[in-house]
Student: 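The structure is given below, and queries will be raised subsequently.
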Amino acid sequence: MALRRLQRELADMMKNPPVGVSAGPVNDDMFRWQGELIALGECPYKGGVFKINIEFSTDYPFKPPIVKFTTKIYHPNVDDDGSICMGLLKSEVWKPATKLLDVLLALSMLIEQPVPEDALQQSVAEVYNTDPKKFQKTAREWVKKYCDRVVA
C-alpha cells in the first residue's frame, strides 16, 4: 500500500509541480526522498534554497514521514541535526489523508513563519521573541553561508 501511495503522490507532484517546493526518490528508492524548499515570502530566508531528506516507513500513510533539513538553518523549529518540530508531523496529529505535498507546503510556511512557542531551539526562539532584528540578521547570514544557492 505504501509503495502505491508514494508512486501516486510522486505522479501528482510531477503533473502539477508546486511553486517553491520539490521532492523525489533517491536512486529510485521510493521510501527515501530528497527535496528542496525555496523561501519565497518576505522573511529573512527569502531566496534561500533549503535541502531536506524524507524517509517513509512501510506503514506510510498511517505514520508520518521523517523529514530533516540537510541545509543548516537558523530557525527556532529546526535543531542542529535538521530535525523539525511541526505539528503536522507529530504522530498524534498525523492523518493518513495527509499527503507529502501538504507536508512540504506546511514546511515552506513554517520557514517563513516560525512558531517559537513550539521551538526545538529555545535560544533561537528567545532571540526571535526578544531581538527580531538580530534574529533576522543571523538568519540572513546563515542563508548566505549554508544554502548551496540563493535565487532572486
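Every value quoted in this text rests on a predicted model; they were computed, and no experiment measured them. By convention here, the first residue in the shown sequence is residue 1.
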Student: Give every residue pair that meets the ring pair (Phe, Tyr, Trp, His ring centres under 6.0 Å) criterion with at least one member in residues 78-103, sequence neighbours excluded.
Tutor: none

Student: Compare all side-chain heavy atoms of I52 with those of T70 and state whether any distance is below 4.5 angstrom.
Tutor: no

Student: Would you check if M30 and L10 make a side-chain contact, meaning some heavy-atom pair closer than 4.5 Å?
Tutor: yes

Student: Can you list the residues that meet the side-chain hydrogen bond (donor to acceptor under 3.5 Å, both in side chains) rule with K99, with sequence neighbours excluded?
Tutor: none

Student: Quick one: which residue pairs count as a salt bridge (Lys or Arg N to Asp or Glu O under 4.0 Å) with a foot in residues 11-24, not counting sequence neighbours?
Tutor: none

Student: Please enumerate all residues that pass side-chain hydrogen bond (donor to acceptor under 3.5 Å, both in side chains) together with R5, with sequence neighbours excluded.
Tutor: E9

Student: How many angstroms lie between NZ in K63 and OG1 in T58, if you round to the nearest 0.5 Å?
Tutor: 8.0 Å

Student: Any chance you could lay out the side-chain contact (heavy atoms from CB on, under 4.5 Å) test for C147 and F50, step after step, and finish with the verdict?
Tutor: CA-CA 6 Å; C147 287; F50 298 91; 3.5 Å; yes

Student: When clusters are formed by joining ILVMFWY residues with side-chain heavy atoms under 4.5 Å apart, either directly or through shared neighbours, do L6 and M14 land in the same one?
Tutor: yes

Student: L101: which residues meet the side-chain contact (heavy atoms from CB on, under 4.5 Å) condition with it, sequence neighbours left out?
Tutor: M13, P18, V21, L105

Student: Would you call E141 and K145 a salt bridge, taking side-chain N to carboxylate O under 4.0 Å as the test?
Tutor: no

Student: Considering non-hydrogen atoms only, spot the tightest contact between C43 and A39 and give its length.
Tutor: SG-CB, 4.2 Å

Student: Taking the side chain as every heavy atom from C-beta outward, state whether S57 and F31 have any atom pair closer than 4.5 Å.
Tutor: no

Student: Just jot down the ring pair (Phe, Tyr, Trp, His ring centres under 6.0 Å) partners of W142, sequence neighbours excluded, or say none.
Tutor: Y74, Y146

Student: Verify the cluster assignment for L120 and L107: are they in a single hydrophobic cluster under the rule of side-chain heavy atoms below 4.5 Å apart?
Tutor: no

Student: Do the side chains of M109 and L100 join up, straight or via other hydrophobic residues, at under 4.5 Å, putting them in one cluster?
Tutor: no

Student: Considering residues at least two apart in sequence or located in another chain, which fulfil the side-chain hydrogen bond (donor to acceptor under 3.5 Å, both in side chains) criterion with E117?
Tutor: none

Student: May I have the list of side-chain donor-acceptor pairs in residues 129-136 shorter than 3.5 Å, sequence neighbours left out?
Tutor:
unit_1 : atom_1 : unit_2 : atom_2 : d
N129   : ND2    : A125   : O      : 3.3
T130   : OG1    : E126   : O      : 2.7
D131   : OD1    : K134   : N      : 3.3

Student: For the backbone of G35 and the side chain of S22, can you confirm whether one donor and one acceptor N or O come within less than 3.5 Å of each other?
Tutor: no

Student: Can you give me the closest heavy-atom contact between C85 and L110, atom names plus distance?
Tutor: O-CD2, 3.9 Å

Student: Using only atom types and a distance under 3.5 Å, with no angle test, would you say the side chain of E55 pairs donor to acceptor with the backbone of R32?
Tutor: no

Student: Between M1 and Y60, is any pair of side-chain heavy atoms under 4.5 Å apart?
Tutor: no

Student: What verdict does the side-chain contact (heavy atoms from CB on, under 4.5 Å) test give for V67 and V103, after you've listed the backbone C-alpha separation in whole Å, the side-chain angles of each residue and the deciding distance to 0.1 Å?
Tutor: CA-CA 9 Å; V67 183; V103 172; 4.2 Å; yes

Student: Could you list all the salt bridge (Lys or Arg N to Asp or Glu O under 4.0 Å) pairs where at least one residue sits in residues 74-95, not counting sequence neighbours?
Tutor: K68-D81, K90-D118

Student: Between A23 and L104, what is the shortest heavy-atom contact and its length?
Tutor: CB-CD1, 3.9 Å

Student: Not counting sequence neighbours, which residues clear side-chain hydrogen bond (donor to acceptor under 3.5 Å, both in side chains) with Q34? List them please.
Tutor: none

Student: Taking all atoms of both residues into account, what is the closest heavy-atom pair of P96 and F62, and its distance?
Tutor: CG-CD2, 3.7 Å

Student: In sequence, state the C-alpha distance, the side-chain angles, and the governing distance for D148 and T71, and then conclude on side-chain contact (heavy atoms from CB on, under 4.5 Å).
Tutor: CA-CA 8 Å; D148 290 338; T71 305; 5.6 Å; no

Student: Determine the minimum heavy-atom distance between A139 and P44, stating which atoms define it.
Tutor: CB-CB, 3.7 Å

Student: Apply side-chain contact (heavy atoms from CB on, under 4.5 Å) to I54 and I66, showing your working.
Tutor: CA-CA 6 Å; I54 307 156; I66 297 169; over 6 Å; no

Student: Suppose we screen for ring pair (Phe, Tyr, Trp, His ring centres under 6.0 Å). Which residues come up paired with Y45, at least two apart in sequence or across chains?
Tutor: H75

Student: Who passes side-chain contact (heavy atoms from CB on, under 4.5 Å) against I38, sequence neighbours left out?
Tutor: L40, V49, V151

